[in-house]
Amino acid sequence: MKKYIIFSIALLAGAFFMTSCSEDELNKESIITLDKVDKNPFDEWLEANFVNTYNIEVKYRFEDIESDHNYYVIPAEYNQAIKLAHIVKYACLEAFDEAAGISFTRANFPKLIYMVGNWEYRNNGTMVLGTAEGGKKIFLSGVNHVNEYTMSRANLNHYYLKTIFHEFTHILNQTRDYSPEYKLITPTTYIAGEWSSDTNNKDTVYLPKGYISGYARHSAGEDFAEMFSIYVTNDKATWDGFLETAGKEGAGWINAKLDLVKSYMRDSWGINMDELREIVLRRENDVANRIVDLTDLSVK
């Protein structure tokens with residue numbers, strides 16, 4: 001037994017000695033590697049204009065973890081992602097800066113914007129232009145169509161800017177809820193997933209029922225976000241055209257909803273929606289007319 005114990009101790013000592021020697025020879029570089037991306041001029045521009053100014057991260061490189069696995073999506077094209085980032089900065093972030101102050105934008109705008117190249121298509125024939133998640137993230141799709149759809153204010157609104165304003169409204173609502181009175185204006189005509197049918201998604205159908213869009217009929221929350229986003233991205237003549245199509249009863253419901261949205265934005269956030277609309281329209285026209293250089297990556 002004594003020999004056995006002595007032999008075991010000798011083995012342990014030898015193992016310790018070998019381990020100690022081998023530690024001296026370990027490679028200082030870890031075998032665990034993470035993807036490292038060298039910063040390009042766009043990354044540096046984003047850091048200066050989004051991260052340092054607003055504490056907002058913009059992800060334009062494809063990341064599986066940020067994507068919805070229920071859809072097939074592709075990466076955003078580099079040059080078109082640059083243009084959309086400029087559009088978001090100029091026509092959204094800086095529009096809110098001008099209307100409510102940069103402190104408002106810094107405090108409330110989500111801290112992550114994630115972009116993909118194509119739209120997310122649903123089985124019912126509609127497509128997802130963007131989403132908001134928990135007040136922290138805005139997802140924007142269709143980046144690879146920026147060159148095609150930003151040369152007119154109407155397309156710029158429909159495919160990009162209205163979506164951003166819509167999703168930002170949800171984030172504001174998550175922080176401070178709107179009046180429950182809003183849900184009582186047209187309480188019986190919300191139809192959730194049925195809004196996208198060919199019959200329900202016509203302006204001659206939804207406007208007379210008191211909804212500013214077909215999607216507004218999905219729910220009171222979507223209705224509220226549509227009211228805000230469509231109002232601030234359309235001029236008075238276009239809005240008046242909506243009310244004319246809505247007819248007396250429909251226009252009455254829409255105006256009642258608009259009054260509550262305006263009150264909410266004024267009382268909860270200090271935003272005058274008419275002033276914001278003037279700012280947004282001016283900036284949208286600058287983008288559509290290419291008065292703004294959407295490719296400039298100089299860092300001031």
Side-chain angles (χ1 to χ4, degrees), residues 33-97 102 105-106 108-121 127-151 155-168 170-171 229 233 283-284 286-288 290 292-300:
T33 59
L34 299 175
D35 292 335
K36 295 181 180 180
V37 178
D38 293 331
K39 287 186 178 180
N40 56 44
F42 185 29
D43 295 321
E44 294 175 353
W45 184 88
L46 288 172
E47 184 173 358
N49 290 278
F50 279 80
V51 177
N52 295 343
T53 304
Y54 298 102
N55 194 27
I56 295 172
E57 181 181 10
V58 177
K59 292 186 177 182
Y60 64 94
R61 295 181 177 89
F62 184 82
E63 292 188 18
D64 185 66
I65 194 172
E66 298 289 357
S67 305
D68 187 336
H69 296 171
N70 292 313
Y71 300 94
Y72 293 102
V73 292
I74 61 176
E77 294 179 6
Y78 177 77
N79 290 324
Q80 300 206 61
I82 292 173
K83 292 180 180 180
L84 186 56
H86 273 282
I87 291 170
V88 172
K89 173 180 176 288
Y90 185 79
C92 293
L93 298 178
E94 292 179 353
F96 279 112
D97 291 351
I102 194 170
T105 315
R106 286 172 173 165
N108 295 290
F109 208 85
K111 300 309 176 188
L112 173 62
I113 299 173
Y114 176 59
M115 304 178 180
V116 297
N118 60 322
W119 316 113
E120 291 183 339
Y121 291 96
M127 59 188 184
V128 178
L129 302 178
T131 59
E133 297 181 12
K136 299 178 181 179
K137 169 184 172 182
I138 283 185
F139 164 77
L140 295 175
S141 60
V143 176
N144 296 351
H145 298 279
V146 165
N147 287 338
E148 180 182 0
Y149 290 133
T150 60
M151 297 300 290
N155 282 337
L156 178 63
N157 272 336
H158 179 74
Y159 291 103
Y160 301 105
L161 292 182
K162 187 186 80 67
T163 298
I164 299 171
F165 283 104
H166 176 108
E167 299 304 336
F168 187 40
H170 284 314
I171 289 170
S229 60
T233 57
R283 289 175 176 271
E284 284 182 345
D286 289 346
V287 171
R290 292 303 189 258
V292 182
D293 186 353
L294 303 181
T295 62
D296 179 22
L297 293 180
S298 60
V299 177
K300 299 178 182 179

Between F139 and V116, is the side-chain contact (heavy atoms from CB on, under 4.5 Å) condition met? List the steps. CA-CA 8 Å; F139 164 77; V116 297; 3.5 Å; yes

Please assess V143 against E77 for the test side-chain contact (heavy atoms from CB on, under 4.5 Å), listing each intermediate value before the final yes or no. CA-CA 7 Å; V143 176; E77 294 179 6; over 6 Å; no

Among I87, T150, V287, find the one that has a side-chain contact (heavy atoms from CB on, under 4.5 Å) with Y160. T150

Taking all non-hydrogen atoms of both residues, which atom of A91 and which atom of R283 are closest, and how far apart? CA-CB, 4.2 Å

Geometric class of the F168/F96 ring pair [parallel <30°, tilted 30-60°, perpendicular >60°]: perpendicular

Rounded to the nearest 0.5 angstrom, the CG-CD distance for N155 and E148 is 8.0 Å

Do you know which two heavy atoms are closest between L93 and F50, and how far apart they sit? CD1-CE2, 3.6 Å

How close do K83 and N147 get, counting heavy atoms only, and between which atoms? NZ-OD1, 2.6 Å

Pair E57 + K111, salt bridge at N-O below 4.0 Å: no

Within this structure, what is the NZ-CG distance for the pair K59 and L112, rounded to the nearest 0.5 Å? 5.5 Å

How many angstroms lie between NZ in K162 and CD in E284, if you round to the nearest 0.5 Å? 12.0 Å

For the residue pair Y78 and F42, categorise the inter-ring angle as parallel (less than 30°), tilted (30 to 60°) or perpendicular (more than 60°). perpendicular

When rounded to the nearest 0.5 angstrom, what is the spacing between OG1 in T105 and CG in D97? 4.0 Å

Under 3.5 Å, is there a donor-acceptor pair linking the side chains of Y90 and D293? no

Taking every non-hydrogen atom, the tightest pair across I82 and T295: CG2-CA, 4.2 Å

Indicate the ring-plane relationship of H170 and H166, choosing parallel, tilted or perpendicular according to the 30° and 60° boundaries. perpendicular

To the nearest 0.5 angstrom, please state how far the NZ atom of K89 sits from the OH atom of Y54. 6.5 Å

Locate the shortest heavy-atom distance separating D296 from S298; write the atom from each residue and the value. OD1-OG, 2.8 Å

Please check: side-chain N/O of T53 versus main-chain N/O of A48, any donor-acceptor pairing under 3.5 Å? yes

Short question: side chain of E44, backbone of K39 - any donor-acceptor pair under 3.5 Å? no

For the side-chain contact (heavy atoms from CB on, under 4.5 Å) test, which of V58, L294, L140 pairs with L84? L140

In a check of side-chain contact (heavy atoms from CB on, under 4.5 Å) between V88 and each of I164, I138, L161, I56, which one passes? I164

Evaluate side-chain contact (heavy atoms from CB on, under 4.5 Å) for M151 paired with R290, printing each intermediate quantity in order. CA-CA 8 Å; M151 297 300 290; R290 292 303 189 258; 3.3 Å; yes

